[in-house]
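The figures that follow rest on heavy atoms only: side chains count, while hydrogens, waters and symmetry mates do not. In what follows, chains carry the letters A, B, and so on, assigned in the order in which the sequence lines appear, proteins first and then strands, with residues in each chain numbered from 1. The structure displayed is predicted, hence computed values, not measured ones.
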Protein chains: 2
Amino acid sequence: MKSKKATIHDIAKKLNITASTVSRALKNDPRISKATKKAVTDKANELDYQPNHIASALRSGKSQLIGVVVPIIDRTFFSAVIRGIEEVAYGLNYRVVVSQSNEIVKHEVSTINALLNARVDGIIASLGKNTRDLEHYQNVIDKGVPLVLFDRTTDDLLTNQVIIDDYLGGYMATEHLIKQGYRKIVHFTTVNAVNIYKERCRGYRQALSDYGIPFDEDLVSRGDMQLEDGIQGITKMLEQGIVFDAIFSSSDYAAAGAMQVLKKKGVRIPEDVGVVGFSNEQFTDLTDPPLTSIKQFPMEMGHVAAQLFFDALEHPNKKPHPKKTVLQPELIVRASSLRND
Amino acid sequence: MKSKKATIHDIAKKLNITASTVSRALKNDPRISKATKKAVTDKANELDYQPNHIASALRSGKSQLIGVVVPIIDRTFFSAVIRGIEEVAYGLNYRVVVSQSNEIVKHEVSTINALLNARVDGIIASLGKNTRDLEHYQNVIDKGVPLVLFDRTTDDLLTNQVIIDDYLGGYMATEHLIKQGYRKIVHFTTVNAVNIYKERCRGYRQALSDYGIPFDEDLVSRGDMQLEDGIQGITKMLEQGIVFDAIFSSSDYAAAGAMQVLKKKGVRIPEDVGVVGFSNEQFTDLTDPPLTSIKQFPMEMGHVAAQLFFDALEHPNKKPHPKKTVLQPELIVRASSLRND
DNA sequence: ATAAGTTGTGCAATCGATTGCATAAACTTG
DNA sequence: CAAGTTTATGCAATCGATTGCACAACTTAT
């Protein structure tokens, strides 16, 4: 069973024609006669011919690979985006190579370089939390390799982007709480200045302002957005005696952490405190009470990112205004913020 | 800024030597003099030479790619395994191509073929739920491409495997419930005959037997192990008036679903009913009460899988007894099963 | 019937790195 | 010092597909 793989030369030999003709026949080149094409494809099937992508990659300079770089793979959000990218890519006979930076800048740099090295045809990436220096991405652009950024992006690179309207998400979350009658709304956000969190915060402030509620810096807690940060953030507020009646957390994890603390203290959710998270993680259905959150449509984001990538691939040297696609988030109301007043 | 990439020929030309010498110098071939090696590496740095993997893949027949096939990427378990594989692979200068079958047999088949087609050096895979026919995997083996199966495996293929001791996991979970004083233990398992669920069930039955508790088929609920299946499974039992005081679910999701129903009915957890899940998903900390579960060490599983892969790579034609590595799971006790009696 | 165009294939170079074999130069050794 | 070794490098083919150019065989137009 270990027959060598058939090549176009094998096909050519059997048919007494040359490899070039076979190659053209398989690519449906108009210069080849119908009869020859049929003979070639028949013989190809007979020999179970599988084109060697590596050879054609070498010759054509195209690897049919897209490199995808994400901070971390085991978040519903990122893996769903990847799935979205894959769906589009596979349909166009491209493969996807996924790498994680694990939020470590050094990894991000080396992984980007490794991908360039592997001659991927382009890169789709989301920035790490701590990424300040963008040289490695600039390098990608300079080499003429198509680059698409999604979600955690930056405007400091002239390249295509897909983002969620995080501002709107923050606004919707906050407005929802206000309409439910909450007034003193805590906000969990990050210490670092990642675009998405800044935008969510901006939405929060705008909603407050629109409803005539003064912004209070004391109500803002800054952390790393993990479960633990939510626990500590809310604990500190309680200790400091800060009065609040709701939480809008830019992360579902931190929101869940805060809920745990509050419940342990006997604070009722949503009666005493309403809670809204962000991202609509899988577990938002499973907390008690279920957590209201902002849904982001990550699959669609993947689709769009891949689409932008293929667009860029088709117009290599043409670098007009990079496109920025903004997707709309959606508020998913669950019990954690539903006060029956 | 768009200078062509340097090749070994460029280096050779500049140094008045041939490409073969450059190639050997870079690979640290002992036949090349130290002086030449230094000159070559210096010049390589100067020109920012990056080896073209595609060219060497073509020549050597090695793509430096590992294909990984998983049923679904956005499960903590699978993404952690992938991360484990990546860690090992990257250290050895291999890249990982991840594909999802989405539990669809047709996708699994086509993705396997696509990977073979892309000339990956080997495949690491976990079977889809509904995969019965193993021809596509047999095909991989027949072509002499190293294959490692993990978690959802089969003994019908002569190839390396890494699995968790699911039997032990099932046993530990059940024994724990028994020791907490629960006697009538419901078990959630699958309809299909995937190895891991069968083993967990076997552990469940053995533990019952060891503690002198008769096995009762009425207490077994078979479904697809999603949240919804847990909801329906337990609802049906309640309707049928089946008496139980604990649940061991082979899936955290189904366990969470059951908890939701029980709480809504006013059943107290863990006082009235104890619950144990399986997989230690991220959300197990977040349910109310937190869910006791079986931890699987997926990163380590990834490490081992990659290790087995590289072993197989080094001994190509040598096919002795395929190795089967079994990892130990761990019981993580949380409030859902802690009855203070 | 001859010039001009069309059609279908073949030839050979190319992508970049690798490698078996050959060979020149330098070095040993009896 | 001749013969054998070792050392360092070059030559040229190879991996498999692609592609610009050439060209033979026909067809059409004048």
Hey, does the side chain of B:S33 come within less than 4.0 Å of D:dT7's phosphate (OP1/OP2), counting only N and O? no
B:D155 side chain to B:Q161 side chain, donor-acceptor N/O pair below 3.5 angstrom: yes
Please list, by residue number, the residues of residues 11-18 of chain A whose heavy atoms come closer than 4.0 Å to an atom of DNA chain C; answer none if no residue qualifies. A:N16, A:I17, A:T18
Side-chain donor-acceptor pair present, B:Y90, A:S99, cut-off under 3.5 Å: yes
Let me know the distance between CG of B:L26 and C1' of D:dT9, rounded to the nearest Å. 15 Å
Aromatic plane relationship, A:F77 with A:F150 - under 30° parallel, 30 to 60° tilted, over 60° perpendicular: tilted
With B:Q138, the side-chain contact (heavy atoms from CB on, under 4.5 Å) member among B:D133, B:T159, B:L147, B:L157: B:L157
Sole residue of A:I112, A:T111, A:N113 in side-chain contact (heavy atoms from CB on, under 4.5 Å) with A:V109: A:N113
Between B:K129 and B:E108, does any side-chain N to carboxylate O distance fall below 4.0 Å? no
Got a sec: does the NZ of A:K37 have more than 12 other heavy atoms crowding it under 6.0 Å? yes
For A:E46, is there an ion pair with A:K43 - N to carboxylate O distance below 4.0 angstrom? yes
Going 5' to 3' through nucleotides 13-21 of chain D and flagging B where a protein heavy-atom sits under 4.0 Å of the base, S where only the sugar-phosphate is that close, and - otherwise, we get BBBBBBBBB
To the nearest Å, how far apart are A:K38 NZ and C:dG8 P? 17 Å
